[in-house]
Amino acid sequence: MSRGTTKRAKKKSVAANPQRANPLWGGRFASGPDALMEQVNASIGFDKALAAQDLAQSRAHCSMLVETGILSRKDGHAILKGLDAVEREIVAGTFVYMPALEDIHMHVEARLAELIGEAAGRLHTARSRNDQVATDFRLWVRDAIDRIEAALGRLQGALVARADEHADTILPGLTHLQPAQPVTFGHHLLAYFEMFDRDRGRMRDCRARLNESPLGAAALAGTTYPIDRRKTAKALGFARPMENSMDAVSARDFALEFLAACSITAVNLSRLGEELVLWASARFRYVRLSDAFSTGSSIMPQKRNPDAAELVRAKAGPIIGSLTSLLITMKGLPLTYSKDMQEDKVPTFAAAEQLELCVQVMTGMIADLVVDKAAMRAACSEGFLTATDLADWLVQQLDMPFREAHGVVGRIVRLAEQKNVGLEDLSLADLKLIESRITSDAQRALSVDAAIARRSSYGGTAPKLVRAAIKRARQRLKAQR
Ligand code: ARG
């Protein structure tokens with residue numbers, strides 16, 4: 001590339017010459033913008049992330065203009081070659097960005113004009129920045145969905161692999177963070193598999209709905225040229241052109257839907273992040289996070305902190321903030337395009353980037369997790385986890401109504417508490433003191449392993465069901481690839 005930064009800045013920058021109006025829309029203007037106007041107006045600082053999408057869209061538009069006879073083959077050829085050159089500069093990092101040119105669309109067009117001259121001015125025939133930005137942004141969100149969806153698939157893969165290792169590793173299942181009933185760690189991990197499966201489904205639903213092309217809606221009302229919107233839609237991988245030109249340039253609900261899906265995913269991730277923080281704590285000691293996903297303290301030499309899990313937990317905040325931000329930006333905007341909508345990109349880019357990072361970090365933590373089966377098992381001796389099983393025994397063997405059985409076992413739990421022992425440590429005589437018909441068979445029901453094995457209703461935690469669920473989960477993962 002022959003052109004130097006300063007040379008171009010001198011030649012084109014509006015700021016350098018306040019008398020000069022914008023080269024792309026300056027016809028109506030006597031002077032250039034105030035420096036503050038330029039600052040508030042410019043989006044190039046963030047929408048340069050749309051460069052690849054903008055080039056793809058311009059190529060599709062140019063080819064369609066040639067095919068429909070709106071643009072000559074010669075000009076079309078020059079434009080396509082010029083766009084290739086622009087792309088090379090952007091990829092090489094030599095492309096010059098400047099706030100005076102507002103956004104990525106004007107940058108590409110201005111540079112194209114420098115490179116190929118007059119023909120560049122014909123690319124914008126039958127197009128507006130309004131349909132242009134809507135198209136670029138949809139393409140960008142579509143790519144982000146594909147990346148996040150694939151990353152979620154890898155996280156699910158890690159969860160199934162660890163669930164498989166721990167199909168019969170027993171730990172206390174909790175409600176209200178209080179000991180409830182024993183479950184297997186594999187079952188617990190598969191709960192997250194299901195959550196992330198729905199998150200992926202939401203991403204896919206969002207993708208299917210957004211995959212229509214706004215291109216050709218022009219400013220808002222369509223265009224007087226005989227364009228072919230089906231052609232450009234197809235070239236860009238859209239299922240079809242959007243039906244209504246006004247909707248096409250003003251809709252941002254696709255981004256809102258994406259951010260809503262991101263927010264829900266982030267919330268699900270944050271719950272797992274919180275569980276990792278708890279499990280890794282000295283009170284639980286269920287797991288050890290790998291060195292790769294832990295940090296130390298600058299003052300306390302013994303520390304081993306679960307920073308990554310905490311950050312995954314925290315980042316749900318800013319991601320939800322992005323959704324809130326764009327919802328508020330869009331609220332009450334009249335049709336069609338308003339410049340407010342330029343503010344759609346920053347929160348969307350940020351949320352997508354942070355969510356993808358969170359999913360990757362979580363995948364690493366899950367894959368590396370060192371599980372302390374003994375600590376999980378030891379925790380089962382607290383909290384009378386098999387009390388429900390004893391009540392079920394009374395119902396099933398003595399035909400006692402469940403409510404009555406609940407009361408009997410409540411009294412037995414109180415006795416165990418007084419003696420400071422577990423239910424399984426009470427003697428048959430102790431049990432008979434409260435319900436004379438109890439036999440030694442009931443005592444067998446009090447073992448944690450028996451309690452687990454008997455939870456065999458569909459979707460339950462019995463190891464043989466967990467193994468079957470793992471098999472199905474693997475098949476589902478394969479089918480989604
Ligand atoms: N940079 C603008 C945006 O992101 C492009 C669309 C500008 N359209 C307009 N009518 N000023 O929204």
Side-chain angles (χ1 to χ4, degrees), residues 12 14-15 21-29 32-34 36-58 60-61 86 90 95 97-112 121 123-144 210 213-223 232 236 242 245-256 258-259 322 325-352:
K12 284 280 172 189
V14 174
N22 186 296
L24 296 192
W25 41 253
R28 187 197 187 297
F29 287 75
D34 190 278
L36 284 173
M37 176 58 200
E38 198 171 282
Q39 201 186 329
V40 75
N41 202 33
S43 55
I44 188 62
F46 49 86
D47 68 17
K48 61 171 117 173
L50 297 176
Q53 290 78 7
D54 201 63
L55 288 163
Q57 178 252 123
S58 284
H61 183 66
V86 171
I90 291 173
F95 191 87
Y97 298 99
M98 52 181 123
L101 284 174
E102 248 187 270
D103 58 23
I104 187 65
H105 324 294
M106 309 236 286
H107 273 78
V108 170
E109 199 182 319
R111 182 60 184 143
L112 191 65
L123 174 60
H124 212 53
T125 312
R127 186 179 74 171
S128 153
R129 276 190 297 155
N130 296 350
D131 58 339
Q132 207 176 343
V133 74
T135 304
D136 293 359
F137 196 28
R138 270 175 201 259
L139 290 172
W140 192 95
V141 172
R142 196 176 72 184
D143 286 347
L210 74 70
S213 175
L215 194 58
L220 76 164
T223 175
T232 46
L236 294 169
M242 287 181 78
S245 65
M246 295 178 76
D247 178 43
V249 295
S250 57
R252 291 295 181 273
D253 52 46
F254 69 91
L256 292 172
F258 170 63
L259 290 173
S322 289
S325 160
L326 187 55
L327 281 168
I328 296 171
T329 299
M330 293 307 296
K331 181 198 164 295
L333 286 190
L335 301 190
T336 51
Y337 179 85
S338 298
K339 195 63 174 252
D340 308 52
M341 286 151 70
Q342 179 163 284
E343 297 291 317
D344 56 5
K345 289 163 209 73
V346 173
T348 308
F349 292 168

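Both counts, for ligands and for their atoms, begin at 1 and track the order of listing. We're numbering straight along the sequence, starting at 1.
- A distance-only check finds a donor-acceptor pair linking the side chain of Asp131 to the backbone of Ala218 [under 3.5 Å].
- Of all protein heavy atoms, the one closest to atom 11 (N) of ligand 1 is Arg129 NH2, 3.6 Å.
- The part of Lys345 lying near ligand 1 is the side chain, judged by heavy-atom distances below 4.0 Å.
- Within the 3.5 Å criterion, the main-chain N or O of Thr125 finds a donor-acceptor partner in the side chain of His61.
- Remark: the backbone N or O of Asn41 is paired with a side-chain donor or acceptor of Gln342 at under 3.5 angstrom.
- The shortest N or O to N or O distance between Asn130 and ligand 1 is below 3.5 Å.
- Distance from atom 6 (C) of ligand 1 to its nearest protein heavy atom, with residue and atom name: Tyr337 OH, 3.4 Å.
- With hydrogens left out, the protein atom closest to atom 2 (C) of ligand 1 is Gln342 OE1, 3.1 Å, a heavy atom.
- The Asp103 neighbourhood of ligand 1 comprises atoms 1 (N), 2 (C), 5 (C), with distances under 4.0 Å to a heavy atom of that residue.
- Under a 3.5 Å cut-off, the side chain of Asp47 and the backbone N or O of Ile104 do form a donor-acceptor pair.
- Contact atoms of ligand 1 toward Ser43: 1 (N) (distance under 4.0 Å to a heavy atom of the residue).
- Under the 30°/60° scheme for interplanar angles, the aromatic rings of Trp140 and Phe349 are found to be tilted.
- With Ser250 contributing its side chain and Thr336 its backbone, the two residues share no donor-acceptor pair below 3.5 Å.
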